[in-house]
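Residue numbers start from 1 in every chain, and the chains themselves are labelled A, B, ... in the order their sequence lines are given, proteins ahead of strands. What you are looking at is a predicted structure, and each value in this text was computed from that prediction instead of being measured. These values consider heavy atoms only, across backbone and side chains, with no hydrogens, waters or symmetry-generated copies.
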Amino acid sequence: MLTVGTIVLIGVVALWLHALRRPSAMVGPVEAKRITLLWLVGGGLLLPGFAIIALLAFGIPAGHRMLPLPPASGEAPLRIEVIGHQWWWEVHYPDTGVVLADELHLPAGQPVDVVVRSADVIHSFWIPRLAGKIDMVPGRSNLIRLQADEAGEYRGQCAEYCGVSHAFMVLRVVAHEPAAYAAWQQERGG
Amino acid sequence: MSGDARDWPLPRGGREGEGAGEGGGAGTGPADKAPQSSGGDPDPARLHEDFNAVWGNPRGWRAVTIVNHTAIGLRFMLTGLGFFLFGGLLAMLIRTQLALPGHTIMTPEVYAQVFTMHGTVMMFLFAVPMMEGLAVYLLPKMLGARDLVFPRLSALGYWCYLFGGLILCASLFLGIAPDAGWFMYTPLASATYTPGPNSDFWLIGVTFVEISAVSAGVELAVSILRARAPGMALDKMPLYAWYILTMAMMIVIGFPPLILGSILLELERAAGMPFFDPTRGGDPILWQHLFWLFGHPEVYIIFLPAAGIVSTLLPVFARRPVVGYAWVVVAVLTTGFISFGLWVHHMFAVGIPMLAQAFFSAASMLVAIPTAIQVFSWIATLWLGRPVFHLPMLWLTGFLVIFVAGGLTGVMLALVPFDWQVHDTHFVVAHMHYVLVGGMFFPLIAGLYYWLPHFSGRMASPALGRWGFWLVFGGFNLNFLVMHWTGLLGMPRRVNTYEAGLGWDLPNLISSIGGFVMAAGVVTVLADILLHFRFGRPAPDNPWQADTLEWATALPPNPYNFISLPRVEGRHPLWDQPGIGRELAAGRGGLAVIDHGRRETWGTDPASGEVREIIHLPGNTALPFLAALALAVVCIALLAKAYGVALAAAVVVAGLLLRWSWENGAHPAAAPDARTAPGDPPLHSRTADGPGLWGMALTLLADGALYLALLFGWFYLWTVGPTWEVPEGGGMAGRAGRLLLAAAVAHTLAQFAMQRCARRMAQGRGPKHGAAAFAAVAAGGALALGLVYAALRAAGLVVTATAHDAVIAVVLGYSLVHLGMATVVTLLQALRVRRGYVGLEAPYEPLVVARLWHYNGGVLWSSYAALVLFPPAWGGI
Amino acid sequence: MKPPAFHPAQIPLGLTLWSLWFVALYGGTAVACERLAAGPEEAGPAAINLGFLLFTLAAAAVPGTYAWGCWRAARLSAGRPSQERFAARVGAALHLVAVIAMLFIGLPLLGLPPCL
């Protein structure tokens, strides 16, 4: 996407500079009208038209994957609840009753549904390397599906300005291998 | 220096044409050129003196009474420049703080105020007023008119802008500036989480400034539609006029939702009415809808006039008409409309259903097409023309590079999955600065250099200007190109600092260096412009060989613009008739008479541009200044929570505005002498058709946008508000509903009586006892007012308990204010009929007032339907 | 209701219709989901999409016919004042823009569940 964008940018700028510098040719009114239509239809309609279609061809499948549709296997994904506070994260595991602060553990290699809420102002839940962001709005609960393909540590950060300590509202995310996750759960839940 | 070889006998109005301290009045052009006589015509110097006696601007403290568009436009631009430098300084503070990880030059509290104010100042106090100021300055000249149609409104707009901006900026020096971000998201901005006055400064200050924006919007639109040069049909308007017409209409429709949002949030903060509080049935997302309903069109409100500058300059430098005039008009109008269908793309992360997001995503992509059409029209114009390269073209080229880049990242952001990733990161910061700086600042500087001879009568130096450009261009890209990368690395927006070792250190340092280089460039440009007032060589006539009429005035122009008014046959009056300026200065155009002592310009048909009447314009008056001053007192009193003082000052404001409306029509201050030359049409106040009808219609359109935003809030909370609750009993069911119905019926009767009186007067048939008839209509309005008030009492609202009751109170309060206004101005009409300022000879004003009545009728019935009929239909009661 | 094909009101009319359609579509889907979907995680009945698809087609037909009318008028307009021909031509183009905008923005109705 960035590459295509760069090419379009360079193309348009090159055209502009060339139009500025090229020796002016005298064209008759008929010829001028033809050139006009060529530019306006070609550059004004077709170019952005194709760009949009190309973008959609890429974007629609990507968007579909992000929809929290029920998974094909029929088994509901693990649910974790996260509540935003000024300026910390409260993490609940409804299945086991575990409660954590500023730390989120999840199994790697499987989808996880995170239900987000807020206790005070609007925050935004974001783990850049796992998924897009979803706002935590007081009075509402939102759902985001994420999946860590590899075990390891990730960094989450509040993405909506939420007051003076916004910059320090960081979430430590640990993705475990399924077996290690089960062990961790046992340890915490038991 | 006065030895330039001009053979143009234009009186160089020189400095008496300027308000004191305006236009950087350092060196002047050749001020006293000996006028030449041009056989048989009246002596131009004499004409100039006579016109200046009527149109001239006073000096000293009386300069606050100036209403002339040239002076007001310059004031707007100079003030905008001041706020730009202030906002730029704040940007430098931000870049200093972020240059290194863990920097603590500012505390988080101060940093929050600084970034909030940077955005607020640049958007509300620089970009919009600057573009409006340029349009206020240029449009009448381009359209071949002497002034805008509502000069007092120009002045009011300016003073509101100045005072509102000063109040807003003062908060930063007091250390209590707004600190919840320029978007003021609730609940962070509400009383619980921002208990100090910080948010109040934003809500009240910005609303004050927006009065200015909306009034300028109304005025520009009406002037474009109703006061063009004869013969300038819709298809012959300069493209700039199409751009400004679109921008003005967007302001008229786009700003009121934010004004409403600000009023509601201020009511929530000050009076505890919970519109956005989820614990009492409100919803913080409603604020986001109201904010972005304004906020997205705002981007195009800033971009369109800048694109208008491009479309004006580029054909001049390409030496040929713009390619595809009709295409560009279609593109501009399309942008204007579609940009209202994009606002939710700022809210893709709030959890709105995917399908609804997809609509906005599609609209966001669609809006790229009209922009592409304009870009390719410009390229084709260069292609088919014989381009000459001057300094403004350098800035236009810079504009193209940066703006196209910003547009491309914009299309990427329209894609929801991508947006979810980079939303609220520095990627968006970079994108937005590419669009706004590229799309607004670069064309603005191009325009500034292009029109400099107009402001000063002199040309700027090419060398220093080129340095300025390359510093700004290089610094800008160093700063913001790198910032895309910072954002992709995951750095969120609005953080006051960051940890080392996340890979953000180097790009941030580079960005900061770029920022300072850009600042150096801005200083260079400023120095160039300041120096040129002293050292620039005097500008020849029409220095760029432009095609538009603003170059047919003197340089710098006189307050009256043209001694006599041109007739226009094509799109390029100065290319068609290069000598037209001389002709006009010699008094060979229209309305060359001034011995009647009134300011006037042609009132023309919106479509054909043919003359319909003479619009007579008010002269200098202190009323707008005083009204804005009193409004400033209202604002400061509200900030200090001195509600008694605020109320008293509001009464003063109303009194001043009514006094203002008193000096209209046949009042001697409006037109000392109402006679017109044989063959000329009558004055507009002596007809049934004047610009005020359009002015009223557009004001009501703005008002209606505000009211619809309010109804939107009501329906939104009812249908999708997550915690909406309807209190037991009370509400509008039962007696309160019946009273509201009675009010609507009573008002409808009065409304038709008003219509009948106004129409009969316009037809010259009565009404017989004019004053009594209007007084009776006013009494009907008062009755409806009383009934609405009774309904409000009967509803038994507890406005602090639920959003439900709070919204009802605002809807009814809105009706009360409007009915009160209609009643008072109709009573005033009765008085004016008695005084003879309104009557069979001057039947125009009642028609204007009648529009307010029709509007109020619509409001009452809609309120009845929304408050009384809708809830049981939805099943809420 | 419909102004003559040469009237300058044709210029803003098409996209004004688009605005009304857009508000009805956005508001309508939200309200329909509130009423017809069982819960916030429910996809909602496909009938919602079908209904709004038909609504979109019907709405697009209105500026479509206006575009046709304006275009024909512009072609047969020799001898009329230039601003009238201009209004008809620009009006036709903007009506067409409205049709395209309705159809393009309505596209997601074909593929996405209404309420998720």
Side-chain angles (χ1 to χ4, degrees), chain A residues 1-2 5 8-9 12-13 15-17 19-22 24 27 32 35-36 39-40 42-45 47-49 51-52 55-56 58-59 62-63 65-67 86 120-122 124 126 128-129 131-135 137-140 142-143 155 157-167, chain B residues 108-109 112 180-181 185 187-188 193 278-279 283-285 323-324 327 331 349-351 354 365-366 368-369 372-373 375-377 379-380 382-387 389 393 397 400-401 404-405 408-409 411-412 415-421 423-425 490 492-498 722-723:
Chain A
M1 202 159 56
L2 285 173
V8 172
L9 173 64
V12 172
V13 173
L15 273 178
W16 172 285
L17 292 177
L20 256 176
R21 278 155 190 265
R22 84 193 187 107
S24 55
V27 288
I35 295 177
T36 302
W39 281 113
L40 290 177
L45 295 180
L47 176 74
I52 289 171
L55 201 59
L56 287 178
F58 160 81
R65 278 198 301 278
M66 290 172 134
L67 278 180
Q86 273 182 331
D120 38 48
V121 303
I122 298 176
S124 191
W126 187 36
R129 286 166 61 200
K133 52 185 75 63
I134 189 88
D135 286 355
V137 183
R140 292 170 180 252
N142 279 330
L143 179 70
R155 186 173 186 274
Q157 178 156 13
C158 177
E160 183 64 70
Y161 183 70
C162 59
V164 285
S165 294
H166 167 62
Chain B
E109 289 80 11
Y185 275 7
L188 184 60
Y193 300 100
T279 61
D283 185 6
I285 300 298
V323 161
W327 283 74
V350 300
M354 208 41 211
M365 293 178 187
L366 215 52
I369 293 180
I373 288 180
V375 168
F376 279 90
S377 153
I379 293 182
L382 290 176
W383 191 271
L384 289 172
R386 288 169 286 118
F389 204 86
M393 273 311 285
T397 307
L400 181 91
V401 176
V404 171
L408 287 168
T409 52
V411 176
M412 294 177 198
L415 202 62
V416 177
F418 184 71
D419 181 79
W420 278 350
Q421 193 49 249
H423 182 80
D424 271 325
T425 68
R493 295 172 80 168
R494 305 175 185 119
V495 290
N496 63 318
T497 186
Y498 51 93
T723 58

Closest approach of [X] and [Y], non-hydrogen atoms and distance?
X: A:V13; Y: B:L400; answer: CA-CD2, 4.1 Å
X: B:T497; Y: A:A167; answer: O-CB, 3.7 Å
X: B:V401; Y: A:L9; answer: O-CD1, 3.5 Å
X: B:A372; Y: A:P48; answer: CB-CG, 3.6 Å
X: A:A19; Y: B:P387; answer: O-CG, 3.7 Å
X: A:G139; Y: B:P722; answer: O-CB, 3.4 Å

State, with a plain yes or no, whether a side-chain heavy atom of [X] is found less than 4.5 Å away from one of [Y].
X: A:C158; Y: B:P492; result: no
X: A:D135; Y: B:I285; result: no
X: B:P187; Y: A:D120; result: no
X: A:Q157; Y: B:V495; result: yes
X: A:I122; Y: B:L188; result: no

Using a 3.5 Å distance criterion without hydrogens, assess whether the side chain of [X] forms a donor-acceptor pair with backbone atoms of [Y].
X: A:N142; Y: B:V350; result: yes
X: B:R494; Y: A:E160; result: no
X: A:K133; Y: B:Q421; result: yes

Checking heavy atoms, do the side chain of [X], its backbone, both or neither come under 4.5 Å from chain A?
X: B:P278; value: side chain
X: B:S377; value: both
X: B:L408; value: side chain
X: B:T409; value: neither
X: B:A380; value: both

When rounded to the nearest 0.5 angstrom, what is the spacing between [atom1] in [X] and [atom2] in [Y]?
X: B:F389; Y: A:L20; atom1: CZ; atom2: CG; value: 6.0 Å
X: A:R22; Y: B:W383; atom1: CZ; atom2: CH2; value: 5.0 Å
X: B:H423; Y: A:W126; atom1: NE2; atom2: CH2; value: 10.5 Å
X: A:I35; Y: B:L384; atom1: CD1; atom2: CG; value: 5.0 Å
X: A:T36; Y: B:W327; atom1: OG1; atom2: CH2; value: 10.0 Å
X: B:L382; Y: A:W39; atom1: CG; atom2: CH2; value: 10.0 Å

If you count heavy-atom pairs under 4.5 Å between each of A:I52, A:L15, A:L40, A:V8 and chain B, which one has the most?
-> A:L40
Relative to chain B, which of A:G42, A:A32, A:A51 shows the most heavy atom pairs under 4.5 Å?
->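 The residue among A:G42, A:A32, A:A51 with the greatest pair count is A:A32.
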Worked check of side-chain contact (heavy atoms from CB on, under 4.5 Å) between A:H166 and B:N496 = CA-CA 8 Å; A:H166 167 62; B:N496 63 318; over 6 Å; no
With a 4.5 angstrom heavy-atom cut-off, could you sort out which part of A:I134 is near chain B: side chain, backbone, both or neither?
-> both
Of the backbone (N, CA, C, O) and the side chain (C-beta and beyond), which part of A:R155 lies under 4.5 Å from a heavy atom of chain B, both, or neither?
-> side chain
Would you check if there is a donor-acceptor pair between the side chains of A:W16 and B:T397 at a distance under 3.5 Å?
-> yes
With sequence neighbours left out, write down each residue that passes salt bridge (charged side-chain N to carboxylate O under 4.0 Å, His left out) with B:D419, or none if nothing qualifies.
-> none
